There are 2 protein chains.
Amino acid sequence: MTTPQNLLSNLAKPAQAFSKAEQKVADAILANPELTTRSSIARLAQAAAVSEPTVNRFCKRLGATGFPDFKLKLALSLASGARFINSAVAEDDTAPTFTPKIFNASIHALEKTRDSIDPKLIHHVIDEVVASKRIYFFGQGNSGPVAQDAEFKFFRFNTPVSAHQDPLMQRMLAAASKPGDLFIIISYTGRTIGLVETARLARDSLGTVISITAPASPLARASDLAITLDVGEDTDEYLPMTSRLAQLTLLDVIATGVTLRQGQAHRPHLARIKASLASTRFNSAEQDT
Amino acid sequence: MTTPQNLLSNLAKPAQAFSKAEQKVADAILANPELTTRSSIARLAQAAAVSEPTVNRFCKRLGATGFPDFKLKLALSLASGARFINSAVAEDDTAPTFTPKIFNASIHALEKTRDSIDPKLIHHVIDEVVASKRIYFFGQGNSGPVAQDAEFKFFRFNTPVSAHQDPLMQRMLAAASKPGDLFIIISYTGRTIGLVETARLARDSLGTVISITAPASPLARASDLAITLDVGEDTDEYLPMTSRLAQLTLLDVIATGVTLRQGQAHRPHLARIKASLASTRFNSAEQDT
DNA sequence: CTTATAAATGTATTTTTATTACATACTGTG
DNA sequence: CACAGTATGTAATAAAAATACATTTATAAG
């Protein structure tokens, strides 16, 4: 993806030392950025009540090579929802204002994750999943539901799978592991003592450990493979959730990869699962709940 | 946000009846779309080995008003990751190709949800949450983990909250409800018989029911308030997951709204929760797990 | 296999748009 | 208040895009 230039927030920044005429240009653009992306330099110059070269200089000052390039960058930063990204939710926000902010933060986190994932690593993880005889998903606290979700996702494969949130259960299963057992451990911080110890136990007993966690964390070091997610997290106030979306999507990527690897083999199995759900629905059944 | 034009996928579509020269233009653009957004019409014409008016006509045929407008739209569809959106994961995809596809599908789902949410409805939902004395999150199957996640999220408020996935438990709690009890029921299809009955039971007993579900579904009709999500779902093959991301983010929006409404009041409570987690971490504690 | 006709493409021109060079008007400082 | 130095505008030039129109190419009827 193109580097987000985020022109727009630069424009609005009061710290920017614009000259009088340039400020007029900035104001005119801010008044209707959408329109600006489709305007000619003459039109914008008129709207700002300045001369055309002033507009041109303004564009160059902001890092564009000229007016057309500026319009392009502006359009790009408009498209990426930059309008809200940098602005955290504030005390005086109301539903119409904070709703897009939160969605945009989530979108931004997914974009960031998408651009930072190493496909080779994913490939290796899929290898491990396909090779495994038994899969355990472990998570505690907020990551517990993620593990559970993964269980549903991986249930369609023929490999036995289960999710566990209870630390004692996790520890027992890890200690009893044997080759062919795959432990996928999810932890945003990678610092939860219980999970790190569990990972070590599992490897000591010859199980394989894959973690989805923070870069350079104790858990990452204690794993055979670590998919590290560095989603710049929300403030102290608002509990982390964007990381969970990234984790969930990542697990979906892995599940999809496994599906593709298995090809046609697993499909009858899938059909059986669907059929078993039909009777729990008011007609026109779909696959989810 | 701007309507995604998705020019790019139109370009690649083989169904498009392009003439010989126009096909050359399409190929030239597809060869390097990024570059095209910064090219002049002359440069592109040369790259495609056609005349300039041909390029211009090509642009108009694709719905642009001219070449500059075409470049703008192309840049926009490039930025929105349109490269992959319409292209479902295919049998011959490998990790480097399907990974961005899945992330983009998720991003797209969130964008769609963001643009379809009615802030007034969110406002009402927040009213109900703030007014409630007890909150229950119900979900079955894939939505179970979402309910559980919500429990974590809402735990920081002083209102007692719990999540339940067991149908019998759900039914019992619903039947025993009283005014002040708020049931938030999550179901992608809105057709799970057990959940719809549970909703009715809860309302019969004077509890309040809010659902996060499909538009015009039995569950939506059985609820006091229904937040409907219509995330065009994945194919039959790949189980629905984008809907869950939308649900999760939506719950985050609601939780944020409640936080803002409560203002400073709940903060000591939050601090206490954080302190209680500190000892489970390897130094430098963060808030998630 | 012509030939008429329409569609497609290209050439040359005009119009629009952007940039540059340069002149003028400000701003602040000694 | 004069003199840098910067900021802005004017006018000319260059670049880009769109148009009008000519030519070619394909298509179908005879």
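Protein chains get the first letters and strands the later ones, always in sequence-line order, with residue 1 at the start of each. The basis for the numbers below is simple: all heavy atoms, side chains too, and nothing from hydrogens, waters or symmetry mates. Source: prediction; values computed, not measured.
Each of B/S51 and A/E52 lies near DNA chain C, and the nucleotide nearest B/S51 is the one positioned closer to the 5' end.
Counting only heavy atoms from C-beta on, B/K60 has its side chain closest to D/dT19 among D/dG9, D/dT19, D/dA26. The side chain of A/I41 lies closest to C/dT19, out of C/dT9, D/dA16, C/dT19. With distances taken from any side-chain atom of B/F67 to the nucleotides C/dT9, D/dG9, D/dA17, the minimum falls on D/dA17. The side chain of B/P68 has D/dA17 as its nearest neighbour among C/dA18, D/dA17, C/dT9. Considering only the side chain of B/P53, C/dT11 comes nearest among D/dA17, D/dT8, C/dT11.
A distance of 6.5 Å separates OG1 of A/T65 from NZ of A/K73, quoted to the nearest 0.5 Å.
Residue A/K71 is in sugar-phosphate contact alone, with no base atom involved, counting any heavy-atom pair closer than 4.0 Å across all strands shown. Counting any heavy atom pair closer than 4.0 Å across all strands shown, B/K24 reaches no nucleic acid atom.
Just one residue in the list B/V146, B/D149, B/T256 forms a side chain to side chain contact (heavy atoms under 4.5 Å, CB included) with B/L251, and that residue is B/V146.
A close approach under 4.0 Å does not occur between any side-chain nitrogen or oxygen of B/S19 and OP1 or OP2 of C/dA8. At the phosphate of D/dG9, OP1 or OP2 sits under 4.0 Å from a side-chain N or O atom of A/T54.
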